[in-house]
Amino acid sequence: MEAAAVRLHGHAVRTPLLRSDALDDATGARIWLKPECLQRTGSFKFRGAYNRLAALDPAQRAAGVVAFSSGNHAQGVARAAQLLGIPAMIVMPHDAPAIKIDATRDYGAEVVLYDRYLEDRSVIAHRHADERGATVVPSFDDPYIVAGQGTAGLEIAEDLAALGETADVVLVCCGGGGLASGIALGSGLPVVTVEPAGYDDVARSLAAGTILPVVDPGPTVCDALQTLVMVPLTFDILRDLGTTGVSVSDAAAMRAVAFAFRHLKLVLEPGGAVALAAALEGVVDLRGRSAVVLLSGGNVDAATFARCLAA
């Protein structure tokens with residue numbers, strides 16, 4: 001993970017730890033916020049993407065990369081590839097937020113759209129990668145990705161130590177568990193994963209002690225966290241570290257987006273606000289405790305953001 005920090009130095013934003021009296025009052029806790037919505041490309045995903053691509057050898061860089069993502073990993077890979085001069089193709093669902101598709105193209109990547117309900121994005125990505133001799137860059141099933149995300153955990157540990165503070169727990173927005181795994185390893189603190197209701201495969205898997213997929217969970221406003229099943233890499237890390245998980249409703253995530261806008265003056269997407277929602281709604285009881293809350297992304301379209309503010 002230290003090697004990842006070296007690769008990312010001068011390229012990723014070292015996001016600060018923020019405090020809010022309004023949040024402390026609302027939760028009865030002492031909370032630090034890690035606003036990865038201020039990261040390059042608007043989410044933590046840039047960390048893992050840049051770390052993975054920067055580790056490619058010259059031949060792999062020349063052949064290019066292929067990734068599949070609903071938006072935040074797509075943008076992270078596209079921007080990292082642009083900075084490193086690597087050709088990139090991103091496979092994205094046709095119903096991904098337009099703001100994410102447009103940004104991915106603006107970063108210079110070729111975008112291939114697919115139907116998430118009828119087609120397998122992994123199959124599409126690997127087919128294109130095989131045709132090009134390119135490297136597939138997964139969103140969480142890769143040690144380099146986990147290590148890159150874990151640099152946010154290193155920063156949490158370093159910044160708390162510099163303040164002479166500690167935390168009892170870190171609440172982490174979770175899809176496939178790459179960020180949560182990295183934070184758990186990098187910070188050395190207990191982690192609670194937070195997922196959208198219905199997409200809580202990580203929480204269920206950790207509770208059961210075996211990987212359990214979710215089946216037909218339906219739509220969610222948290223488009224960034226629509227992962228149906230975690231992988232052995234992230235499962236083993238989180239299980240071995242004693243991580244537990246919870247879930248929150250779409251309505252709670254939307255209320256957290258509104259809270260962040262009104263009280264923190266930060267723009268979050270619903271998927272990037274689920275950890276904050278768990279704190280605000282008392283899904284994780286933080287009364288009398290200290291905690292770090294990850295704000296994992298802020299790539300939200302105007303219509304969804306307006307809905308959240310009206311919630």
Side-chain angles (χ1 to χ4, degrees), residues 15-38 44 149-150 152-175 177 179-197 199-200 202-204 206-207 222 225 238 241-266 268-298 308 311:
T15 54
L17 289 182
L18 304 178
R19 301 267 298 112
S20 164
D21 290 340
L23 181 57
D24 286 1
D25 291 343
T27 60
R30 181 170 172 80
I31 293 179
W32 288 267
L33 298 164
K34 181 70 168 170
E36 284 293 292
C37 52
L38 304 179
F44 72 94
Q149 321 305 25
L154 290 177
E155 292 171 10
I156 288 170
E158 291 167 357
D159 290 351
L160 285 175
L163 293 168
E165 301 278 2
T166 188
D168 298 312
V169 66
V170 186
L171 274 57
V172 183
C173 307
C174 186
L179 177 62
S181 296
I183 294 297
L185 291 169
S187 72
L189 296 169
V191 163
V192 175
T193 63
V194 187
E195 299 167 281
Y199 286 86
D200 55 343
V202 171
R204 295 183 191 185
L206 293 174
C222 301
L225 303 179
L238 295 174
L241 293 175
T243 304
T244 58
V246 299
S247 63
V248 298
S249 68
D250 276 9
M254 293 171 74
R255 287 192 291 270
V257 170
F259 182 95
F261 176 71
R262 292 176 181 135
H263 299 286
L264 310 178
K265 309 309 176 187
L266 293 172
L268 301 179
E269 61 188 284
V274 293
L276 178 60
L280 288 169
E281 305 282 330
V283 175
V284 178
D285 187 358
L286 298 176
R287 290 174 295 180
R289 305 173 72 193
S290 59
V292 177
V293 173
L294 262 290
L295 308 177
S296 62
C308 292

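Throughout, residue positions are numbered sequentially from 1 according to the sequence presented. Because the structure is predicted, anything quoted here is derived from the model rather than measured.
Residues Val248 and Glu281 form no side-chain contact, since every pair of their non-hydrogen atoms from C-beta on lies 4.5 Å or further apart. You'll find the side chain of Asp200 stays beyond 4.5 Å of the side chain of Val246, heavy atoms only. Contact check for Leu264 versus Leu18: no side-chain heavy atoms found under the 4.5 Å cut-off. Side-chain contact between Leu286 and Val169 is present, with at least one heavy-atom pair separated by less than 4.5 Å. Using a 4.5 Å heavy-atom cutoff, the side chains of Val170 and Leu294 are in contact. For the pair Val292/Ile183, no side-chain contact is recorded, criterion being any heavy-atom separation below 4.5 Å from C-beta on. Side-chain contact check for Thr15 versus Phe44: every heavy-atom pair is 4.5 Å or farther apart. Between Asp159 and Trp32, the closest side-chain pair of non-hydrogen atoms is not below 4.5 Å.
Closest approach of Gly271 to Leu225, counting heavy atoms only: O-CD1, 3.3 Å. The minimum heavy-atom distance between Ile31 and Arg19, with the atom names listed, is O-NH1, 2.7 Å. Closest non-hydrogen pair, Cys37 versus Gly298, comes out as CB-N, 3.7 Å. The two residues Ala253 and Ala273 come nearest to each other via the heavy atoms O-CB, 4.0 Å. Nearest heavy-atom pair, Leu280 versus Ala26, reported as atom, atom and distance to 0.1 Å: CD2-CB, 4.0 Å. Minimum heavy-atom separation, Cys174 to Val202: SG-CG2, 3.7 Å.
Taking CG of Leu268 as the start and CZ of Phe259 as the end, the distance is 11.0 Å to the nearest 0.5 Å. One finds the CD atom of Glu195 at 9.0 Å from the CZ atom of Arg204 (value rounded to the nearest 0.5 Å). Note that the SG atom of Cys173 and the CG atom of Leu295 stand 7.0 Å from one another [nearest 0.5 Å]. Between the OG atom in Ser296 and the CG atom in Leu276 there is a gap of 10.5 Å [rounded to 0.5 Å]. Atom-to-atom distance recorded for Leu189:CG and Ser290:OG is 8.5 Å, nearest 0.5 angstrom. Separating the CZ atom in Arg255 from the SG atom in Cys308 is a distance of 11.0 Å, to the nearest 0.5 Å.
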Leu17 vs Lys34, side-chain contact (heavy atoms from CB on, under 4.5 Å): CA-CA, chis, key distance, verdict: CA-CA 5 Å; Leu17 289 182; Lys34 181 70 168 170; 4.1 Å; yes

Evaluation steps, side-chain contact (heavy atoms from CB on, under 4.5 Å), between Asp250 and Cys222: CA-CA 7 Å; Asp250 276 9; Cys222 301; 4.1 Å; yes

Leu266 vs Leu38, side-chain contact (heavy atoms from CB on, under 4.5 Å): CA-CA, chis, key distance, verdict: CA-CA 9 Å; Leu266 293 172; Leu38 304 179; 4.2 Å; yes

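Few gaps surround CG on Asp25; more than 12 heavy atoms of other groups in view lie less than 6.0 Å from it.
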